[in-house]
Amino acid sequence: MLRQYFISTMTKNQDGYCLSSRTATGTLICVKAQSCFRPIRVTASPSIVFLSIPENEATKPLRGKFLYITARDELVINYMLFREFNLVFFEFMTAGSSQSIRRKDLIEMFITKYGLEDIPSAFDTLAKKHYRANAYALRDFRKKLDKMALRGRVPGAKRRKRAF
């Protein structure tokens, strides 16, 4: 699902995809790219994605060179992509909820917007992700309220006796 989301944030060109520095992951890839003067030998694999970096002052020294990402940097980029996906998804859900759009419709709109239709379990996965996030948020909110009640900061709340 992350791969499909990542591809949906870029435009396709003749060699692969054109990377955008508007996203956090795109910026991180531009920063982590290392250059060499010869192409690196790569075995053909469907998991390999060829990217073109954007033209700006920061990427000017990399123009005309072969770029690659190390295995360690790939892990960092995947972590950033995972975090970015979650932030975009929860921002999308929060914005839709504030406009009183049903959760089911929001998830379907997100799937359509980011081209996740090809993934059979996308709806269920995203629905579970949203449910878990809400459950964690409610649990944390309740813990904060309990702490405030113990300190006597919540008006009208009964103070609990601490058991030591």
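Bear in mind the structure is a predicted one, so any value in this text is a computation, not a measurement. This chain uses plain numbering: 1 for the first residue, then up along the sequence.
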Original post:
Between F89 and L126, which heavy-atom pair has the shortest distance, and what is it?
Top reply: CZ-O, 3.5 Å
**OP:** Enter the distance from R142:CZ to R139:CZ here, rounded to the nearest 0.5 Å.
**Re:** 11.5 Å
Original post:
Do L75 and V31 belong together in a cluster built from hydrophobic side chains that touch within less than 4.5 Å?
Top reply: no
**OP:** Please determine, by modelled atom types, if S121 and D124 share a side-chain donor-acceptor pair under 3.5 angstrom.
**Re:** no
Per-pair distances, 0.1 Å, donor-acceptor, side chain in residues 91-100, under 3.5 Å, sequence neighbours excluded:
unit_1 : atom_1 : unit_2 : atom_2 : d
T94    : OG1    : F90    : O      : 2.7
S97    : OG     : M93    : O      : 2.8
S98    : OG     : A95    : O      : 2.7

Subject >> Heavy-atom closest pair, residues T70 and Q34 >> reply: CG2-NE2, 3.7 Å
Subject >> Nearest heavy atoms of L62 and C30, plus distance in Å >> reply: CD1-O, 4.1 Å
Subject >> Atom pair CD1 (I111) and OG1 (T125), whose distance is rounded to the nearest 0.5 Å >> reply: 8.5 Å
**OP:** Name all residues meeting the side-chain hydrogen bond (donor to acceptor under 3.5 Å, both in side chains) criterion together with D105; count only those two or more places apart in sequence or in a different chain, and write none if there are none.
**Re:** R102
Original post:
Which heavy-atom pair separates P54 from L19 by the least distance, and what is that distance?
Top reply: CD-O, 3.6 Å
Original post:
Which atoms form the tightest heavy-atom contact between L116 and M1, and what is the distance?
Top reply: CD2-O, 3.8 Å
Original post:
Could you give the distance from SG (C18) to CD1 (I53), rounded to the nearest 0.5 Å?
Top reply: 9.5 Å
Original post:
Between Q4 and G115, is there a donor-acceptor pair closer than 3.5 Å when you use the side chain of the first and the backbone of the second?
Top reply: yes
**OP:** Decide if atom CZ of R63 counts as having more than 12 heavy atoms of other residues, nucleotides or ligands within a radius under 6.0 Å.
**Re:** yes
**OP:** Count the heavy atoms of every other residue, nucleotide or ligand shown that sit under 6.0 Å from NZ of K143, and state whether that count exceeds 12.
**Re:** no
**OP:** Sequence neighbours left out, what pairs pass side chain to side chain donor-acceptor pair (under 3.5 Å) with at least one residue falling in residues 75-88?
**Re:** Y5-E84, T25-E84, N86-K129
Subject >> Verify same cluster id: L87, F82 (apolar side-chain graph, 4.5 Å) >> reply: no
**OP:** Could you go through the side-chain contact (heavy atoms from CB on, under 4.5 Å) check for H130 and L106 one step at a time?
**Re:** CA-CA 11 Å; H130 185 255; L106 284 171; over 6 Å; no
Original post:
Is there a side-chain contact (heavy atoms from CB on, under 4.5 Å) between F6 and I29 once you walk through the steps?
Top reply: CA-CA 12 Å; F6 179 60; I29 291 172; 3.5 Å; yes
**OP:** Grab the two heavy atoms, one from M10 and one from L51, that are nearest each other, plus how far apart they are.
**Re:** SD-CD2, 3.6 Å
**OP:** Any chance you could measure E117, atom CD, to T112, atom OG1, to the nearest 0.5 Å?
**Re:** 5.0 Å
